[in-house]
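Quick notes on the structure that follows.
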Amino acid sequence: MNQIKVFSPATVANVSCGYDAMGFALETLGDEMIFTKTNTKEVVISKIEGANLPYEVHKNVAGVVAKLMLKESNANFGLDIQIFKNFKPGSGLGSSAASASGTAFAVNTLLNNKYSNLELTQFAMQGEVAACGSAIADNVAAAIYGGFILVRSYEPLDIVSIPIPTNLIATIIHPQIEIKTEDARKVVPKQIDTNTAIAQWANVGGLISGLYSKDFDLIGRSLVDLVAEPNRKALIPLFDDVKHVAISVGALGAGISGSGPSIFALSKNLETAKKVEVAMDTVYKNSGIDYSTYVSHISKTGIRIL
Ligand code: ADP
């Protein structure tokens, strides 16, 4: 195989109570990337469409991950990479993670599947270091494993795939304002009291249990975040209104996607997810802020070959 084209999904990290530990992949929203083997042993990014991103290999997460994997595997080829972005960087939907994990998956395919999903996650995490300075796993693992994942531990890295009910649908609104990941991290308390911790881990247990048992009401009751959301929501205009209308038209729950500004809601069928989209739209349409909305199944497969 000399060339591969992949779809790499947008991802929702945190998922309310699962701050820094959970994430899921979207079925229909994501980037496309084309990787072509070359005989120079160099990595070149020859095309980027849909976003203003660096072509320099060491600054673009796709270049960082590709270079690292070719070096580690002692590959006898180089790569030409083309990136087609279908959603904006800085949205809270894992834009850098989509490129980093798409690259890890594609390079691995060109290497005849030398590496496991866990190893691919570790390579892709190095892309996240280049993007934001920390080796965050939740977005890249969700894209690589697909479905709903739990980062149970970083040392050693332990990723757990959680089964999901077939009809779980996400509705997303992306208000096009800039929130620096650094600022979103700064407002999260460094310490929390035991009562808050108990409530948070009880909800994590409830969410995981609800996903396993397809108990939509339990999923909804558990989509509560007492750690990041109470402080972070102030950075997102109309957050409370969006969450309120989403739940009032039938969403199971709603919260901040990653470090924001996107807001996600989960619904138990497509009809409700579309109603949620209309309700979110109504809140934002006179706000003077540009925004996009999306409705998507949760992707069971994550990255896929096109
Ligand atoms: P979000 O998760 O909020 O969508 P990210 O955390 O992915 O946004 O951050 C995007 C940052 O990563 C930007 O500063 C961007 O310049 C950098 N970056 C480098 N390479 C890429 C790439 N291939 N795709 C997206 N972002 C990239």
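Counting starts at 1 for both ligands and their atoms, in listed order. Just so you know, these numbers use all the heavy atoms, side chains as well, and skip hydrogens, waters and symmetry mates.
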Should the proximity of [X] to ligand 1, defined as any heavy atom under 4.0 Å, be assigned to the side chain, the backbone, both, or neither?
X	result
K59	backbone
S91	both
L93	backbone

Checklist entry - Going through the distances and angles, do R185 and D20 end up as a salt bridge (charged side-chain N to carboxylate O under 4.0 Å, His left out)? => result CA-CA 11 Å; R185 291 216 156 249; D20 266 3; 3.1 Å; yes
Next on the checklist: Below 4.0 angstrom, counting only protein heavy atoms, does anything approach atom 8 (O) of ligand 1?
Outcome noted: yes
Item to check | atom 13 (C) of ligand 1 protein-contacted (non-hydrogen atom, under 4.0 angstrom) | outcome: no
For [atom], closest protein heavy-atom neighbour:
atom	answer
atom 20 (N) of ligand 1	V61 N, 3.1 Å
atom 6 (O) of ligand 1	S96 OG, 3.8 Å
atom 3 (O) of ligand 1	G92 N, 2.7 Å
atom 16 (O) of ligand 1	L53 CD2, 3.6 Å
atom 25 (C) of ligand 1	S95 OG, 3.2 Å
atom 17 (C) of ligand 1	A131 CB, 4.2 Å
atom 2 (O) of ligand 1	G94 N, 3.1 Å
atom 23 (N) of ligand 1	N60 OD1, 2.8 Å

Checklist entry - Do other residues, nucleotides or ligands put more than 12 heavy atoms under 6.0 Å from Q176 CD? => result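 Yes, CD of Q176 has more than 12 neighbouring heavy atoms, counting only those of other groups under 6.0 Å.
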Checklist entry - Is K37 atom NZ crowded by more than 12 heavy atoms from other residues, nucleotides or ligands, each under 6.0 Å away? => result yes
Please indicate whether any nitrogen or oxygen in [X] is less than 3.5 Å from any nitrogen or oxygen in ligand 1.
X	result
P54	no
I83	no
F87	no
G90	yes

Checklist entry - Considering only heavy atoms of K85, which atoms of ligand 1 have at least one such atom less than 4.0 Å away? => result 24 (N), 25 (C)
Checklist outcome for this item: If we number the atoms of ligand 1 from 1 as shown, the ones under 4.0 Å from a heavy atom of S99 are 22 (C), 23 (N), 24 (N)
Checklist entry - Tell me, do K67 and V57 make a side-chain contact under 4.5 Å, heavy atoms counted? => result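 Yes, at least one pair of side-chain atoms sits under 4.5 Å.
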Checklist entry - Do the non-hydrogen side-chain atoms of I179 and I177 ever get within less than 4.5 Å of each other? => result yes
Looking at [X] and [Y], would you say the former's side chain and the latter's main chain have a donor-acceptor pair under 3.5 Å?
X	Y	answer
K275	A246	no
S257	G92	yes
S209	G205	no
Q200	C17	yes
T272	K268	no

Next on the checklist: Does I303 form a side-chain contact (heavy atoms from CB on, under 4.5 Å) with S101? I'd like the steps, not just the answer.
Outcome noted: CA-CA 8 Å; I303 301 159; S101 54; 3.8 Å; yes
Checklist entry - Per the side-chain contact (heavy atoms from CB on, under 4.5 Å) rule, which among V276, T171, I172 passes with V295? => result T171
